[in-house]
Each structure stands twice: as C-alpha cells, then as structure tokens.
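Numbering of ligands and ligand atoms starts at 1, following listing order.
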Amino acid sequence: MTKRLFIKTYGCQMNVYDSNRMVELMAPLGYASTDTPDGADLVILNTCHIREKAAEKVFSELGGLRRLKQARQRAGGEMLIAVAGCVAQAEGTEILERAPFVDMVFGPQAYHRLPDMVARATHRAGEQVLDTSFPAEPKFDHLPQASGAAGVTAFLTVQEGCDKFCTFCVVPYTRGAEYSRPAADVIAEAGRLAGSGAREITLLGQNVNAYHGAGLDGREWGLGRLIRALAEIPGLDRLRYTTSHPRDVDAELIAAHRDVPQLMPFLHLPVQSGSDRVLAAMNRRHTAGEYRRIVDRLRDARPDLALSSDFIVGYPGETEEDFAATLALIREVEFAQAFSFKYSPRPGTPAAGEDDQLRDSVKAARLAELQALLQEQQRAFNRACVGRTMPVLFEKPGRHDGQLVGRSPYLQSVHADTPDHRIGEIIDVTITAAQPNSLAGSLVNPLLAPGEAAA
Ligand code: SAM
Ligand code: SF4
C-alpha cells in the first residue's frame, strides 16, 4: 500500500535539493509525495537556521503536527514526524526534549540514513532517533543515483559545507566541512537530468566556487573546469551556479564566463558589506576594493554580465561611515538584484558574542535605506531590458490563458503569450514592459497554433 510523505522545506535551494533526494530515497519503500501533512504517514520538516526565529517557527509548526498525529492515532493510524536540516543539526537534543512526540531528528549530513531511521522509529514505537553526526564517509556515496526527475530547470548539488567561518554564519557548524563531489558523479547526474528534459541546471553549494572535486583526468578540478565539461552535455543549454564567494573566484572561472556560452550572464556574488573594517571583522577575507576588481575582471570577460549580491546591515559595531561605504559600493557596482538582511546574532557564532550589538531600530532604518537603493537599481535594470530581445526558457503556464512564464538569462521572470506546447523551449522574446520583479514580452517569431492558417 502506498504511504504518504509530506516534506516542508525552509530556506535555501540546497534544502530543496535535499528534500527531493529524500523523496527519491523513500520511493522504493512505497512512499509517495503528498502536498498536505493531513493524513501523511511521514512528515519531515527540512529546516533552515540561517536567520532569527528559525527554531521558534519549527516549534510552532510542530504544535500543529502534534494535533494531526494525535488525530491519526485516535483513528487507529500512525504518523511519524521528523525534523531535518540545519535547525535539527544545531538544536537536535532540545527538539527531542521539548517535542517528545517527534520521532526523528537528523542533520543535513545524515539524511541518506532516513530509511533506516524510519524502520527504527516504526519498529520500536516511542524510541526517538537522533542523528546529527558528520559521517566520515560523504553522504553522496550512500545515496542512490538521483533519478533526474523531469523538469525544465533543475538543481544539482556539487559542493557542500564551508570552511570559511564568517563570524556571523552558522553554515560551517550545521553543514560541516567543505566537500566536493567527484566530477564524474556530477556529470552523470547532469546527463540524467538533461535526458529527462532539463535544459537548465543550477549547480549548488554553500560555497560552490570553492569546488575542488576529483576530475575525469585524475587531477583536481575547479568549478570553471567542471562547467566546461558540463557544457558538453547535449541538450543542456543553460548553466548557473550559486552561492559563490569572492575569494574563490579564480582565473579559470572567469575564463569560463568568457568562453562558455551556456554559462548564463548572471552571477550571485555576495559581498555583505562595503566597509573594509566590517569585512575584516566578519572574516570575509577580502576587501571592498578586491570585490570591485573581481567584478571588473568578470565584466571584462563577459560584458553583459549582471550581478546579484547579499548584504548584511547592522553587523556589531557597524558605524554610519561603514554603512555609507556599503551604499557607495552598491552605487558603484550597480546590482540587477540583491538580498539584504538585518544582522541576526546566531547562537554559537563569534559575532553573536560581541558587545557592540546595534539596536534594532538602527538596523531597520539602515536596511530600509539600503533596500530603497537596491530596488531602484533593480527597477532601472529591468527598465533597460525594454526593447531588447532575449532568449527566454519557458517553464510553466502564466496566470492568464495562453500565457507562459519563463526566465531570461538574468533570471528575471518573463511573461509572454504563447501556446503552452512551447514549455521547455528557449524562444527569443522582445521585452515590451518592465515591472519591479518581472518582465513582459512578445515572441519574435510566434508559431502558429496547430490548424491555424497564415493570413
Ligand atoms: N555562502 C554564501 C556567502 O558566502 O555569502 C552565503 C550563505 S548564507 C546561506 C546566505 C546569506 O544569508 C548570506 O550571504 C548572508 O547575507 C545571510 N546571513 C547569513 N548569516 C546571517 C546572519 N547571522 N544575519 C543576517 N544575515 C545572515
Ligand atoms: Fe557562511 Fe558563506 Fe561565510 Fe561560509 S562563506 S561561513 S556559508 S557566509
């Protein structure tokens, strides 16, 4: 009998990838995905710990699940509840204590053992399973081959963990040390994805350009070399990668931006701050000037490159002058898009212990000012696209009949009227209008609908 599996995914694209792998892992055991926890046999919360209130959100979600579990038990059934991901890694013991109805708690490096944990939780009723170990063997060696589930766009994790230890960040503690998958495994998975219809793959890693996996020639490959090999896979028309660190942008990667047409001209390159003092305190290991020079080299290699970034405002001790340096960097570089956050002290990280924490009102005011500038730049970038013709990869139906939504090379959503048999195609679209978060356009050569005669 089919069992139902519900996974709620929080946070980054790596969690989305992990959740998909958990679905694949449980399929041979008779579990099929469902989109509601109600009536599910197994519920997994795949959590994120990067910013504030993550644990509280999980506990409040667990309150609702507890009621569903009790209702299921009253009806003579059983529902297993698991907390996975980075909150599980960081606060596993506390979760088991505060929520004794939770059956399993496991970190991002342990989910390949999910079938075994489910068996233990099922057969020894009442036993809580905790697995937050960092295994000596990389989990990818123990996962079945990813099926390459059909989808026009797909994620592919090539690198995990981080050894950078930025002072504000929990990732090195929750995801563990840096690990790169061998190029052969990545290429095989990309081939399966392309074979099942993916035309665009985004390579994922907490620090994806720190990639240093075993290459096909027995040497260590960097991300640039891996991208060149992936670009040879037939049918794979677009490649992206995220998230990268300025320190790990090397000459080989810059050359890949110059030489590999499949590598899209849009790069998410977090800088966090424009102040050298703050960057040093954050242990980012680069200055604002070095960031500017990297951007210049990338733009020399690929003149149509557009940039996105992450910013943190209100890092402990950030002065008005530091903040002004961040605004100056933004004005100079000009971003097509960006994410920005108020600094949030994460327990166990060095910055959380600093005495000179800023008041929330100061952080909020700076964030508002920074976001206004970033939004202005995003609107200007979108407006400049009007009148241009660009290839759009159509992914899904739009809100209106006859409309499809796709992505431009710059990852903007583009709406256009076109029959939906064109999902999965890359079509030239002339952009006719720009919204703050999306574009509208019309096909350069609209195909006639079947049966329609030319005038
Ligand atoms: N590895 C990437 C890098 O080096 O920039 C980013 C990883 S993190 C998952 C994504 C973003 O969350 C960061 O770039 C940072 O802007 C933000 N972030 C991480 N920790 C934070 C904190 N304690 N407070 C506020 N924002 C934070
Ligand atoms: Fe976190 Fe990124 Fe710094 Fe690693 S490089 S510690 S993931 S912000």
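- Sorted by first then second residue, the ring pair (Phe, Tyr, Trp, His ring centres under 6.0 Å) pairs that include residues 153-176, not counting sequence neighbours, are Phe165-Tyr173.
- Heavy atoms only, all atoms of each residue included: Glu395 and Ile423 are closest at O-CG2, 3.5 Å.
- Salt bridge Glu318/Arg366: present, at least one basic N to carboxylate O contact under 4.0 Å.
- Only protein atoms were considered; those of element N, O or S under 2.8 Å from atom 4 (Fe) of ligand 2 number 1.
- Atoms of ligand 2 found under 4.0 Å from any heavy atom of Phe168, numbered from 1 in the order shown, are 8 (S).
- With respect to Arg225 and Asp217, no salt bridge is recorded, no charged nitrogen being found less than 4.0 Å from a carboxylate O.
- Taking CZ of Phe101 as the reference point, atom CG of Leu65 lies at 7.5 Å (rounded to 0.5 Å).
- With hydrogens and angles ignored, the 3.5 Å screen pairs a side-chain donor or acceptor of Ser180 with a backbone N or O of His212.
- Sorted by first and then second residue, the ring pair (Phe, Tyr, Trp, His ring centres under 6.0 Å) pairs involving residues 245-285 (not counting sequence neighbours) are Tyr241-His257, His245-His286, His268-Phe339.
- The aromatic rings of Phe311 and Phe335 lie perpendicular to each other, with more than 60° between the two planes, well past the 30° mark.
- Proximity of Arg284 to ligand 2 is established by a heavy-atom distance of less than 4.0 Å.
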Dump all N/O pairs between ligand 1 and the protein below 3.5 Å as a table: atom names plus distance, one pair per row.
from	atom 1	to	atom 2	distance (Å)
ligand 1	1 (N)	Gln206	O	2.7
ligand 1	4 (O)	Arg284	NH1	3.1
ligand 1	5 (O)	Gln272	NE2	3.0
ligand 1	12 (O)	Arg51	NH1	3.0
ligand 1	14 (O)	Gln272	NE2	2.7
ligand 1	14 (O)	Asp310	OD2	2.6
ligand 1	16 (O)	Gln272	OE1	2.7
ligand 1	23 (N)	Phe168	O	3.0
ligand 1	23 (N)	Ser344	O	2.8
ligand 1	24 (N)	Ser344	N	3.0

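- Separating the CZ atom in Arg297 from the CG atom in Leu305 is a distance of 13.5 Å, to the nearest 0.5 Å.
- No donor-acceptor pair under 3.5 Å is formed between the side chain of Asp163 and the backbone N or O of Pro172.
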